[in-house]
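I have placed the structure first, in the form of structure tokens, so that the comments after it can refer back to it.
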2 protein chains.
Amino acid sequence: MNSAPSTTDRAGYEDPRITRSRALIMEAAARVFLQRGYPGTSVDDIAAEAGVSKRTVYNVFDDKEQLFRAILDQAITTAERYSLAFGATAAETVDVEVALTALARELAASVLSGRVVPLRRLLIGEASRFPEFAAEYYERAPARVMTAVAGALRGFGERGLLRIDDPELAAEHFAFLAIGPSLDRALFDLESDTDAATATRAVERAERGAAAFLRAYAA
Amino acid sequence: MNSAPSTTDRAGYEDPRITRSRALIMEAAARVFLQRGYPGTSVDDIAAEAGVSKRTVYNVFDDKEQLFRAILDQAITTAERYSLAFGATAAETVDVEVALTALARELAASVLSGRVVPLRRLLIGEASRFPEFAAEYYERAPARVMTAVAGALRGFGERGLLRIDDPELAAEHFAFLAIGPSLDRALFDLESDTDAATATRAVERAERGAAAFLRAYAA
DNA sequence: CCTACCGATCGGTAGG
DNA sequence: CCTACCGATCGGTAGG
């Protein structure tokens with residue numbers, strides 16, 4: 001899809017050298033895009049970071065935008081896989097307080113660590129240039145996680161452990177009580193990406209957010 | 001500060017032509033930066049939008065970055081003025097449900113309309129290039145509003161109308177229940193900026209968020 | 001894989 | 001003489 005058709009034969013096999021180059025380039029591009037932004041990153045930067053020539057980059061990807069698209073697809077795939085697993089364990093627990101506290105911690109750990117926050121910065125910052133990228137990511141990543149949370153909360157509601165009238169709204173309340181303040185601040189504060197103290201505070205906030213949710217939605 | 005010292009005499013008077021040019025340039029720069037981003041905007045674009053020559057832009061501002069800084073200062077000043085007034089009326093009310101619902105609506109209206117969301121996109125997107133701009137904005141705008149909300153909630157707590165142990169945490173819970181989901185989505189969805197249906201849904205969400213807060217923090 | 005190069009455009013500055 | 005402003009163009013770099 002993202003590469004020239006000629007690099008793949010009719011049976012779908014790709015030259016292993018291209019496969020290897022693609023992986024190197026995508027990893028390098030993700031690293032550099034997330035750090036310096038889309039316009040702040042030149043294709044030369046990516047090629048140098050990947051240890052390939054610029055010409056190789058253009059052999060594997062049509063242009064800079066398609067490379068961005070490939071990075072986004074990869075991130076969305078990861079997020080979708082994650083959202084399927086999310087909350088699966090929580091739904092089996094009988095102690096709703098324990099389950100929701102664990103769910104809040106899990107949410108904080110997954111959203112506030114790794115590349116999620118840098119990717120959000122990138123997509124939000126480029127939303128005017130690539131509105132469809134930002135919108136698609138939102139629908140296929142955070143919105144899916146929200147749906148998974150809503151499903152778990154509906155389960156608790158049906159078992160009489162919580163009072164849930166509107167699972168989608170309740171999921172939003174749960175998620176934003178748990179990680180809303182931490183996430184919002186993280187978007188503006190680059191240093192927090194690697195700061196251990198920030199991570200600790202985020203987990204504590206998640207726990208206290210879950211506690212507030214439990215008070216608001218107690219059966 | 002931003003202009004050459006020679007344009008202002010010892011008494012602080014500035015050539016009225018410069019004052020007028022500065023206003024034209026800043027309004028144009030705010031419009032274009034917020035729409036197309038910092039690197040996506042050329043100084044020529046700004047000059048054209050302001051109806052002045054590029055040379056005039058460089059007579060008033062040292063460079064493109066200082067112009068960005070001036071826009072940011074203006075936005076921060078507006079936000080600080082707003083945060084001082086915020087919640088002043090709420091603290092006088094006796095009916096806490098009415099007061100908090102009004103506060104939530106007020107928060108939604110002020111954050112989700114106007115230039116706040118586009119400015120957030122700009123600062124978040126440029127956080128890697130201008131980390132101090134993003135951090136300063138956060139501390140002087142959203143963080144101040146949060147402090148104002150915390151003050152109002154503390155007042156309700158002291159009057160026995162709410163159970164508030166930690167006003168700062170409670171303020172975060174209130175704010176993110178009220179506008180967290182709407183704000184997060186707005187950052188990714190450019191069309192929502194001018195969409196009336198989105199605004200209506202945001203107000204409804206704010207009201208239901210305030211209701212959840214009241215359940216969690218009832219005395 | 002490297003150097004060289006293109007058409008276009010950038011931020012910033014020259015002379016008048 | 002000064003400053004503000006103009007049309008034109010600088011050196012350097014972007015994506016391709």
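Every chain is numbered from 1, with letters handed out A, B, ... down the list of sequences.
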Separation of dG11(C) P from E65(B) CD (nearest whole Å): 13 Å
Atom pair distance, as rounded to whole Å: CZ in F61(B) and C1' in dG11(C): 16 Å
From E136(A) atom CD to E132(A) atom CD, the distance as rounded to the nearest 0.5 Å: 8.5 Å
Side chains of R36(B) and T41(B), donor plus acceptor under 3.5 Å: no
Nucleic acid contacts - residues 32-50 of chain B versus DNA chain D, non-hydrogen atoms under 4.0 Å: none
L67(B) CG - dG12(C) C1' separation (whole Å): 14 Å
Within the 6.0 Å centroid threshold, strictly below: Y217(A) and F174(A): no
Closest to side chain of V52(A), choosing from dC1(C), dT13(C), dC6(D): dC1(C)
Criterion side chain to side chain donor-acceptor pair (under 3.5 Å) on S42(A) and D45(A), from CA distance to verdict: CA-CA 5 Å; S42(A) 70; D45(A) 290 340; 3.1 Å; yes
Cationic tip of R129(B) above Y38(B) ring, under 6.0 Å, 45° of axis: no
Listed once per pair and sorted, the side-chain hydrogen bond (donor to acceptor under 3.5 Å, both in side chains) pairs that draw on residues 144-155 of chain A, sequence neighbours left out: E80(A)-R144(A)
Atom-pair distance (CZ on R22(B); C1' on dT3(D)), nearest Å: 15 Å
Gap between atoms CG and P, on D63(A) and dA8(C) respectively (whole Å): 18 Å
dT9(C) and dG11(D), which share atom name C1', separated by this distance in whole Å: 13 Å
Side-chain touch P118(B)/D193(B), heavy atoms, less than 4.5 angstrom: yes
Atom-to-atom span, CZ of R55(A) to C1' of dC6(C) - whole angstrom: 14 Å
Given dG16(D), dC1(C), dC5(D), the nucleotide with the shortest approach to the side chain of K64(A): dG16(D)
Reported CG-to-CD distance for the pair D184(A) and E172(B), which is rounded to 0.5 angstrom: 9.5 Å
Rounded distance (Å) that lies between atom P of dG16(D) and atom CG of N59(A): 14 Å
Test: R69(A) and E126(A) ion pair at under 4.0 Å: no
Length of the line joining D62(A):CG and dG16(D):C1', which is rounded to integer Å: 12 Å
Which nucleotide in dG11(C), dC5(D), dG15(D) has an atom nearest any side-chain atom of Y58(A): dG15(D)
Pairing pattern in dot-bracket form [Watson-Crick, G-U; both distances under 3.5 Å; | = partner strand] for DNA chain C: ....||...||.|.|.
